[in-house]
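To start, the structure itself, in structure tokens.
Start at 1 with the first residue, then count along the sequence. Counting starts at 1 for both ligands and their atoms, following the listed order. When reading the values below, keep in mind they use all heavy atoms of this one structure, side chains included, and skip hydrogens, waters and symmetry mates.
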Amino acid sequence: MSLIVLFLTFGLFYLQINGLSVPRVSSAPCDTVNHGYQCSNAISHLWGQYSPYFSVPTNISASVPEQCNVTFVQVLSRHGARDPTSSKTTEYGALINRIHNSVPASHFKGEYEFLANYSYTLGADQLTSFGQQEMVNSGTKFFGRYHHLTANYTPFIRSSSESRVVESAQNFSQGFHAARIASNDSSDSSYPYPIVIISEDTGSNNTLDHGLCTAFETGPDSEVSDNAQATWTSVFIPPIQARLNKNLPGVNFTVQNTIDMMDLCPFNTVASPSGTLSTFCNLFTQEEWQQYDYYQSLGKYYGYGEGNPLGPTQGVGWVGELLARLTGEHQYVKDSLYTSVNHTLDDSPATFPLGGGHLLYADFSHDNDMTAAMAALGLYNISATNGPLPNSTLEAATDLGGYAASWTVPFAARIYVEKMTCHDQQEELVRTVVNDRVVPLQNCGADQFGRCRLNAFVESLSFARTGGNWDACF
Ligand SMILES: *[C@@H]1O[C@H](CO)[C@@H](O)[C@H](O)[C@H]1NC(C)=O
Ligand SMILES: *[C@@H]1O[C@H](CO)[C@@H](O)[C@H](O)[C@H]1NC(C)=O
Ligand SMILES: *[C@@H]1O[C@H](CO)[C@@H](O)[C@H](O)[C@H]1NC(C)=O
Ligand SMILES: *[C@@H]1O[C@H](CO)[C@@H](O)[C@H](O)[C@H]1NC(C)=O
Ligand SMILES: *[C@@H]1O[C@H](CO)[C@@H](O)[C@H](O)[C@H]1NC(C)=O
Ligand SMILES: *[C@@H]1O[C@H](CO)[C@@H](O)[C@H](O)[C@H]1NC(C)=O
Ligand SMILES: *[C@@H]1O[C@H](CO)[C@@H](O)[C@H](O)[C@H]1NC(C)=O
Ligand SMILES: *[C@@H]1O[C@H](CO)[C@@H](O)[C@H](O)[C@H]1NC(C)=O
Ligand SMILES: *[C@@H]1O[C@H](CO)[C@@H](O)[C@H](O)[C@H]1NC(C)=O
Ligand SMILES: *[C@@H]1O[C@H](CO)[C@@H](O)[C@H](O)[C@H]1NC(C)=O
């Protein structure tokens with residue numbers, strides 16, 4: 001009996017090695033459409049923005065409340081898992097070379113043994129095949145979650161121009177469309193779906209990619225997160241650094257090299273098509289991964305979130321567009337005239353349609369821009385408590401919403417802004433679902449399901465509607 005169960009659960013597949021087919025038993029997949037990455041959760045959900053998307057625990061059910069129908073969805077998505085950025089990949093490669101040049105082969109022992117034969121082969125900037133599949137899965141999930149809408153309406157898609165972001169939008173629509181075909185219930189079969197691509201060139205107005213606000217990009221505010229991270233680094237890195245230096249004598253790991261060694265765990269994991277946990281991960285303890293997650297959260301919170309004086313301001317252009325879409329009123333885009341909105345695009349129904357059966361919108365962007373958008377929405381606003389960012393994901397899991405980079409902007413992260421009509425309510429309601437966690441709306445009288453009435457929600461976003469602190473950019 002148990003043998004049969006095992007056979008059904010663990011599929012057989014054939015691995016091609018040097019042209020020979022070697023039968024192997026594969027374990028259950030790490031990444032699934034509905035719950036995302038679910039292997040070695042005790043550490044893999046603590047890799048900050050380098051965690052693969054996973055369903056974040058939620059206190060409020062993310063399913064649509066009974067007696068309600070979702071009538072509109074905007075998804076804002078990060079691209080899928082990628083290789084390290086080009087400067088990082090150079091840095092990691094050089095570190096591996098230094099390790100090989102400083103440590104005699106016979107010295108690699110225990111968990112470090114794999115380093116003897118490890119060669120650095122990661123690319124730069126592009127989606128990995130694991131990352132592409134994450135986005136296909138995201139489109140499949142979106143189709144299924146909003147089936148009553150997706151059967152008949154195709155999302156209006158925009159993407160920031162970097163190739164991994166555009167490819168993510170394509171992979172999302174592939175998953176969406178395949179699910180639509182498989183469901184047999186749609187009349188709409190035209191494919192591929194159009195994508196409006198917004199340039200990331202210098203000087204470009206792009207609500208999906210920051211860069212226009214000079215004071216934010218180059219002024220003192222650009223150092224707020226470096227300082228917050230450096231303070232925390234001086235607390236948690238020294239013991240890890242000392243251990244690496246003891247086990248790999250002669251390399252002389254710096255603080256940055258130590259963080260780089262930790263980065264190599266998530267990057268090698270997502271470089272594996274099936275997301276097999278990298279051997280680098282075993283060099284660090286679970287507590288150290290918690291500290292690493294906090295380190296990455298500090299970078300996002302003080303770099304692009306509420307912790308940065310100009311962080312939320314970077315998100316106001318996108319929030320203006322969201323309000324226009326939610327209400328069907330172009331006014332909210334006009335209000336943010338002096339922000340990152342490109343009015344050539346947003347004044348044209350071809351590139352910024354409103355109403356007329358446009359109920360689904362999908363925007364593709366980056367972790368930093370999503371962090372700013374959430375801040376402009378007033379989510380995770382702990383400034384009322386006047387304290388620093390809580391120390392760990394667990395501590396942060398309070399009514400404030402549970403802020404951690406791994407919970408908000410992992411690879412293939414997705415925020416759903418849903419509008420719904422309900423049996424017992426006159427007015428339409430809005431709520432936000434961040435990686436399957438309902439994050440209650442702030443300052444608009446949210447109910448037990450984290451929802452606000454549309455008008456109250458619009459009212460509460462006066463910061464975004466008035467352009468935030470865009471004046472301070474120049
Ligand atoms: C490294 O590769 C050599 C040559 O293929 C092999 O003999 C050795 O066992 C490998 N070492 C480890 C730790 O995998
Ligand atoms: C993702 O999209 C790219 C570009 O359209 C395509 O080449 C690739 O095959 C897609 N990946 C998957 C897993 O479908
Ligand atoms: C769609 O149609 C195909 C072919 O008729 C059938 O095999 C499949 O079960 C149908 N799928 C659904 C979800 O109804
Ligand atoms: C606005 O978008 C149009 C159309 O893509 C583009 O030609 C123009 O350069 C953009 N302007 C700015 C300021 O980004
Ligand atoms: C290791 O780094 C320290 C501090 O940067 C330096 O003083 C020392 O000379 C270095 N040792 C080697 C072997 O490079
Ligand atoms: C681009 O943004 C700047 C600064 O907010 C604004 O002055 C300009 O009108 C915008 N250009 C377009 C085409 O929207
Ligand atoms: C965050 O909360 C503070 C204090 O309640 C408030 O003044 C501020 O406007 C909020 N920020 C945003 C972006 O909503
Ligand atoms: C975070 O918690 C650790 C212990 O887990 C403690 O050593 C450290 O001082 C705390 N840091 C902050 C910024 O609260
Ligand atoms: C759910 O709410 C309770 C009470 O506020 C809190 O203690 C717990 O950490 C929350 N759990 C999650 C996953 O947010
Ligand atoms: C939800 O949609 C169903 C099917 O279209 C409809 O019968 C029902 O009245 C709707 N409920 C509400 C609260 O709008």
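- Cation-pi check for Arg414 over Tyr53 is met; the charged atom lies under 6.0 angstrom from the ring centroid and within 45 degrees of its normal.
- Looking at Val136, Asn137, Asn171, it is Asn171 that brings a heavy atom closest to atom 10 (C) of ligand 2.
- For atom 7 (O) of ligand 2, the nearest protein heavy atom lies 4.0 Å away or farther.
- The shortest contact between atom 5 (O) of ligand 4 and any protein heavy atom is with Leu345 CD2, 3.8 Å.
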Query raised in the report: salt bridge (Lys or Arg N to Asp or Glu O under 4.0 Å) between Arg82 and Glu167: does it pass, once the steps are laid out?
Result: CA-CA 11 Å; Arg82 56 159 168 80; Glu167 196 173 291; over 6 Å; no

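- Checking side-chain atoms of Thr89 against main-chain N and O of Gly123 turns up a donor-acceptor pair under 3.5 Å.
- Close approach of ligand 6 to Trp470 (heavy-atom distance below 4.0 Å) involves ligand atoms 5 (O).
- Those atoms of ligand 6 that come under 4.0 Å of a heavy atom in Val341, given as number and element, are 14 (O).
- With a heavy-atom cut-off of 4.0 Å, Met135 does not touch ligand 2 at all.
- Protein heavy atom nearest atom 4 (C) of ligand 2, with residue, atom name and distance: Gln170 OE1, 3.3 Å.
- On a distance-only criterion, Thr339 and ligand 6 share at least one N/O pair closer than 3.5 Å.
- Of all non-hydrogen atoms in Ala472 and Ala215, the two that sit nearest each other are O-CB, 3.3 Å.
- Between Phe411 and Phe54, the distance from one ring center to the other does not fall under 6.0 angstrom.
- Within the 6.0 Å centre-distance limit, the rings of His177 and Tyr193 are counted as a close aromatic pair.
- Taking only nitrogen or oxygen atoms, main chain and side chain alike, Gln132 reaches within less than 3.5 Å of ligand 2.
- Protein heavy atom nearest atom 13 (C) of ligand 4, with residue, atom name and distance: Asn205 OD1, 3.4 Å.
- When only modelled atom types and interatomic distance are considered, Tyr304 and Asp367 share no side-chain donor-acceptor pair under 3.5 Å.
- Counting heavy atoms under 4.0 Å from ligand 6, residue Asn342 touches it through both backbone and side chain.
- Contact atoms of ligand 6 toward Thr344: 13 (C) (distance under 4.0 Å to a heavy atom of the residue).
- Checked against the 6.0 Å centroid criterion, the rings of Phe114 and Phe280 qualify as a close aromatic pair.
- For ligand 6, none of its N or O atoms has an N or O atom of Ser340 under 3.5 Å away.
- Annotation for ligand 4: atoms under 4.0 Å from non-hydrogen atoms of Ser204 are 14 (O).
- Interface of Gln174 with ligand 2, defined as ligand atoms under 4.0 Å from a residue heavy atom, comprises 1 (C), 2 (O), 10 (C), 14 (O).
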Report task. Report the C-alpha separation of Phe352 and Phe156 in whole Å, then their side-chain angles, then the decisive distance to 0.1 Å, and conclude whether the ring pair (Phe, Tyr, Trp, His ring centres under 6.0 Å) test is met. Result -> CA-CA 9 Å; Phe352 196 76; Phe156 185 83; 7.8 Å; no

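- For the 3.5 Å distance criterion, the side chains of Asn443 and Ser460 fail to qualify, holding no donor opposite an acceptor.
- The atoms of ligand 2 that sit less than 4.0 Å from any heavy atom of Glu167 are 2 (O), 3 (C), 4 (C).
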